[in-house]
2 protein chains.
Amino acid sequence: MVRSREFDEHKVLDTAMHLFWEKGYEAASLNDLTAAMGIQKPSIYSAFGNKEELFETALRKYTQMHASAARAQLSRSASVKEAFREYFEQIVAQESGTERRRGCFCINTMVELAPHHAKFEILTREHQNYLAALFEETIKRGIRSGELSEEMNAQAVAQSLLIALIGLTVLLKSRPEPSLISNAITVTLTLLH
Amino acid sequence: MVRSREFDEHKVLDTAMHLFWEKGYEAASLNDLTAAMGIQKPSIYSAFGNKEELFETALRKYTQMHASAARAQLSRSASVKEAFREYFEQIVAQESGTERRRGCFCINTMVELAPHHAKFEILTREHQNYLAALFEETIKRGIRSGELSEEMNAQAVAQSLLIALIGLTVLLKSRPEPSLISNAITVTLTLLH
DNA sequence: TTCATTACTTACCGATCAGTATGTTATAAT
DNA sequence: ATTATAACATACTGATCGGTAAGTAATGAA
């Protein structure tokens, strides 16, 4: 009774996510989006609503992806210290490899939109809170295993590491001297001692 | 022989700086600028060149202002630990006081423009390097006075504190729970122990 | 007072913005 | 095969973008 959709919704949403991630909300125009997604504007509007709704859907997809990737990364090593070190260093390696440094879509949105749109202020805050809780869990695992001191304030240290992670991700956009970053990570991770 | 300028160049540049600071490069339109600055578009173009040049001039003014404010802030207390604590807490207090959280103009630019414009990548990197050097000087003052250990790697700790400062400034845009932030700052500053 | 020069205001430029009306094509139930 | 329905492509909308042409007003040197 109906004509069937000719594009893969998940695929084109993924493309939109990467475009918003790289260029931000304002700088990514609908013409950019149609060109990248390979579909026309009416198709975007019928499938995702307007630009802001498409952006929100893309960001939600990103935060889910990012959250599970972070969880996987922090679970890879039995040592909590090692896990965090690998996590930080993976971010440096990842960003250094690309020409255009996209950083983190959620952090980019926190800077561009959170102060002007309550919806994105809340959405980004909730994701940061999720990451902080994940970090806290990981630290508590280290305390239980005896790797970390029982006197450590897991919640506060988790929040500090999250702040460091945000700062690192942002600073990498200006292509700082790699050796400076590497030493700074080592120092930051002494918070786990 | 000539008609004299009717507006104060420093004053209108200051207004433009605050507008770019709050809204970013893309979102601050020339109509927004003329309305805020109180002059017409041809006056802007004759005095400052095009939008990008005006933005660059405004950003340079900001970084100079910001650098000397940071230097003054870090010099206020004889204790280096106290100086950094006051610096971090002043930022939280400042941002918490405003409705729209502007954050730091240089950090905003690092996120929005540095990956796409080499000029702003360099400009923002140089400012961050300046701040890192200022932090390093301050830490070395603490080592000389005996407040900090001689074994401390001043450069690496300075870089870590800078990263934490960036992360804090960005995170504040999502209005996190104040108590979390306060505890995280305390933990971060143990890097000076 | 005249005149060259520069700052000003107004009105406009083509390009692009987000979003939509309209007509065509494909599908599946009848 | 017919037909209702939804997805498609094309072309358009008014608004706004950054930037400028053109004409007027003010200034100071001669």
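By convention in this document, chain letters (A, B, ...) are assigned in the order of the sequence lines, proteins followed by strands, and residues within each chain are numbered from 1. Computed over heavy atoms, backbone and side chain alike; hydrogens, waters and symmetry mates excluded.
Distance, A:Glu52 CD to C:dA18 C1': 12 Å, rounded to whole Å. C:dT6 atom P lies 13 Å from atom CZ of B:Arg3, rounded to whole Å. Between A:Arg5 atom CZ and D:dC8 atom P the separation is 6 Å, expressed in whole Å.
Between A:Glu177 and B:Arg125 there is no salt bridge, since no side-chain nitrogen of the basic residue lies less than 4.0 Å from a carboxylate oxygen of the acidic one.
Closest to the A:Lys51 side chain, of the nucleotides D:dG18, C:dG19, D:dC8, is C:dG19.
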A:Arg85 vs A:Thr186, side chain to side chain donor-acceptor pair (under 3.5 Å): CA-CA, chis, key distance, verdict: CA-CA 8 Å; A:Arg85 166 163 288 278; A:Thr186 300; 3.1 Å; yes

Verdict with reasoning, B:His116 to A:Glu22, per side-chain contact (heavy atoms from CB on, under 4.5 Å): CA-CA 9 Å; B:His116 311 96; A:Glu22 179 177 340; 4.2 Å; yes

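Less than 4.0 Å separates DNA chain D from at least one heavy atom of each of the following residues of residues 30-49 of chain B: B:Leu30, B:Asn31, B:Lys41, B:Pro42, B:Tyr45.
Side chains of B:Arg71 and B:Tyr130: a donor on one and an acceptor on the other come within 3.5 Å. Side-chain atoms of B:Lys173 and B:Asn108 include a donor-acceptor pair closer than 3.5 Å.
Counting side-chain heavy-atom gaps under 4.5 Å among Ile, Leu, Val, Met, Phe, Trp and Tyr, the cluster of A:Leu59 also holds A:Phe7, A:Val12, A:Leu13, A:Met17, A:Leu19, A:Phe20, A:Trp21, A:Tyr25, A:Leu30, A:Leu33, A:Met37, A:Ile39, A:Ile44, A:Tyr45, A:Phe48, A:Leu54, A:Phe55, A:Tyr62, A:Met65, A:Phe105, A:Leu113, A:Phe120, A:Leu123.
Taking only side-chain nitrogens and oxygens, A:Ser29 comes nearer than 4.0 Å to OP1 or OP2 of C:dC17.
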